Amino acid sequence: MIESKAQLKIVDLEPAYQFILAWLAYVSQTKGQQGVSHFERQEHEWAFDRNLLLAFYFICILTNVDIHSNEESLRKLDMITAIVNMNLQNSQGSDVFHLAVWDSIIEVHNKVSMKEMFRVPNRKVLEILLQCGANINSQDQAGNTPLHILATVDSKLAIVPREFKENGGKVYFDWFLQNGAKLELKNSAGERPVDVAVSEITKGFLQKL
């Protein structure tokens with residue numbers, strides 16, 4: 001696997017895809033099991049968060065697989081759409097669209113060592129998720145949309161992709177707004193994306209819109 005492309009074919013990923021789909025269906029059923037202790041429930045939630053993150057990484061790999069035919073292109077979209085349509089959320093209410101912007105599950109030092117194709121915010125993955133029916137305005141348990149989360153990402157961090165560092169991530173904000181992200185949508189605390197922006201550059205972008 002090289003930095004920008006996955007040296008695999010769609011057919012190579014079929015067994016992994018079938019396993020991931022079956023496994024996600026199983027763990028989503030067991031996540032809300034009744035009659036378990038608080039500790040066991042937390043363990044299930046933690047495990048499910050990791051499983052959903054692995055599914056997201058699988059989407060990252062699929063996104064970067066070279067396509068050689070229309071049939072392969074359609075199969076790639078079908079695979080990602082099937083995962084999106086499961087409407088899965090982690091313990092914080094984040095779905096795969098949120099995860100393509102940021103995640104707080106994996107440790108920072110692991111993010112630094114990850115290949116570029118797995119780093120977030122990831123516009124290439126965001127684009128294919130939108131194409132596959134993911135909701136750009138979905139809200140997590142705190143009412144945050146992916147745009148809220150994006151506004152909290154510091155473009156100066158070493159762990160963000162090179163593309164996001166350029167112009168303080170302006171190309172990402174432009175993309176979100178061009179694709180229907182709602183600037184005025186508030187989270188549970190009554191905050192809009194501009195209200196949670198961590199950098200003056202981000203706040204400036206959003207205030208001008």
Side-chain angles (χ1 to χ4, degrees), residues 24 28 31-32 41-42 44-46 48-53 55-57 59-60 63 80-81 83-108 111 118-157 159-161 163-209:
L24 286 176
S28 63
K31 186 175 66 164
R41 186 173 294 108
Q42 283 188 318
H44 288 167
E45 288 180 351
W46 179 84
F48 185 79
D49 288 353
R50 291 282 175 162
N51 286 318
L52 186 55
L53 197 57
F56 170 70
Y57 292 153
I59 291 174
C60 292
T63 302
I80 296 173
T81 299
I83 296 173
V84 169
N85 286 346
M86 296 183 80
N87 296 314
L88 300 175
Q89 295 177 318
N90 66 18
S91 59
Q92 298 169 352
S94 299
D95 59 19
V96 288
F97 215 105
H98 286 90
L99 293 179
V101 175
W102 195 250
D103 73 80
S104 58
I105 303 300
I106 192 168
E107 297 83 358
V108 169
K111 283 184 179 150
F118 298 112
R119 292 196 183 188
V120 291
N122 193 318
R123 190 155 64 103
K124 195 171 181 180
V125 174
L126 287 166
E127 288 172 350
I128 202 165
L129 286 174
L130 189 66
Q131 187 179 358
C132 291
N135 183 3
I136 199 170
N137 291 305
S138 61
Q139 293 177 277
D140 62 17
Q141 288 179 0
N144 291 311
T145 66
L147 187 58
H148 277 91
I149 304 301
L150 186 67
T152 67
V153 180
D154 189 347
S155 62
K156 296 179 182 178
L157 291 174
I159 54 182
V160 301
E163 183 188 34
F164 189 75
K165 292 179 186 294
E166 298 170 4
N167 300 314
K170 182 178 184 300
V171 66
Y172 280 73
F173 290 102
D174 287 342
W175 180 86
F176 263 83
L177 298 173
Q178 288 165 7
N179 286 282
K182 296 178 180 177
L183 275 173
E184 299 305 312
L185 203 56
K186 296 179 180 180
N187 62 18
S188 302
E191 299 166 317
R192 301 164 301 163
V194 66
D195 300 321
V196 299
V198 295
S199 75
E200 291 304 314
I201 294 176
T202 299
K203 195 177 289 288
F205 288 156
L206 296 176
Q207 285 174 338
K208 290 177 183 177
L209 299 169

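As the structure is a computational prediction, the values presented were derived from the model and not from experiment.
Taking 4.5 Å as the limit, some side-chain heavy atom of Leu88 sits within range of a side-chain heavy atom of Phe48. Residues Phe176 and Leu183 form no side-chain contact, since every pair of their non-hydrogen atoms from C-beta on lies 4.5 Å or further apart. Counting only heavy atoms from C-beta outward, the side chains of Ile80 and Leu129 approach each other to under 4.5 Å. The shortest side-chain heavy-atom distance between Leu150 and Pro121 falls under the 4.5 Å cut-off. Using a 4.5 Å heavy-atom cutoff, the side chains of Thr63 and Ile59 are in contact. Residues Tyr172 and Val101 are not in side-chain contact: their nearest non-hydrogen atoms beyond the backbone lie 4.5 Å or more apart. Side chains of Leu147 and Leu177 form a contact here, defined as non-hydrogen atoms less than 4.5 Å apart.
Legend: residues meeting side-chain hydrogen bond (donor to acceptor under 3.5 Å, both in side chains) with Lys165, ordered by chain and number and at least two apart, are absent. For Ser199, the side-chain hydrogen bond (donor to acceptor under 3.5 Å, both in side chains) partners at least two apart in sequence or on another chain are Thr202.
Of the possible polar contacts, one joining the Ser28 side chain to the Leu24 backbone as a donor-acceptor pair under 3.5 Å is found. Between the Asn144 side chain and the Asp140 main chain, no donor and acceptor come within less than 3.5 Å of each other. A donor-acceptor pair under 3.5 Å is formed between the side chain of His148 and the backbone N or O of Glu191. In terms of modelled atom types and a separation under 3.5 Å, the side chain of Asn137 and the main chain of Gly180 share a donor-acceptor contact. Looking only at distances, no side-chain donor or acceptor of Gln207 sits under 3.5 Å from a matching main-chain atom of Val194.
Note that CG of Asn51 is 9.5 Å distant from CH2 of Trp46, once rounded to the nearest 0.5 Å. Put simply, OG1 on Thr145 and CZ on Phe97 are 10.0 Å apart, with the number rounded to the nearest 0.5 Å. Taken from NZ in Lys186 to CD in Gln139, the straight-line distance is 12.5 Å, to the nearest 0.5 Å. Going from atom CG of Leu53 over to atom CZ of Phe118 covers 10.5 Å, rounded to the nearest 0.5 Å. For the atom pair CG of Leu185 and CG of Asn187, the computed distance is 9.0 Å after rounding to the nearest 0.5 Å. Between the CD1 atom of Ile201 and the CG atom of Asp154 there is a distance of 8.5 Å, given to the nearest 0.5 Å.
Closest approach of Ser188 to Gly143, counting heavy atoms only: OG-N, 3.6 Å. The two atoms that bring Ile149 and His98 nearest to each other are CG1-CD2, 3.9 Å, heavy atoms only. Here the shortest heavy-atom pairing between Ser138 and Pro146 reads O-CD, 3.1 Å. When all heavy atoms of Val125 and Ala100 are compared, the pair lying nearest together is CG1-CB, 4.1 Å. Between Ser155 and Gly168 the shortest heavy-atom distance is OG-CA, 3.5 Å. When every heavy atom of Leu130 is checked against every heavy atom of Trp175, the shortest pair comes out as CD2-CZ2, 3.9 Å.
Atom CG of Asn167 has 12 or fewer neighbouring heavy atoms from other residues, nucleotides or ligands inside a 6.0 Å radius. Crowding of Lys170 atom NZ: a count of heavy atoms from other residues, nucleotides or ligands under 6.0 Å not exceeding 12.
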- Under the side chain to side chain contact (heavy atoms under 4.5 Å, CB included) criterion, do Thr152 and Trp102 qualify, and how do the steps go? CA-CA 9 Å; Thr152 67; Trp102 195 250; 5.7 Å; no
- Item | Intermediate values then yes/no, side chain to side chain contact (heavy atoms under 4.5 Å, CB included), Leu52 and Val96 | CA-CA 8 Å; Leu52 186 55; Val96 288; 4.3 Å; yes
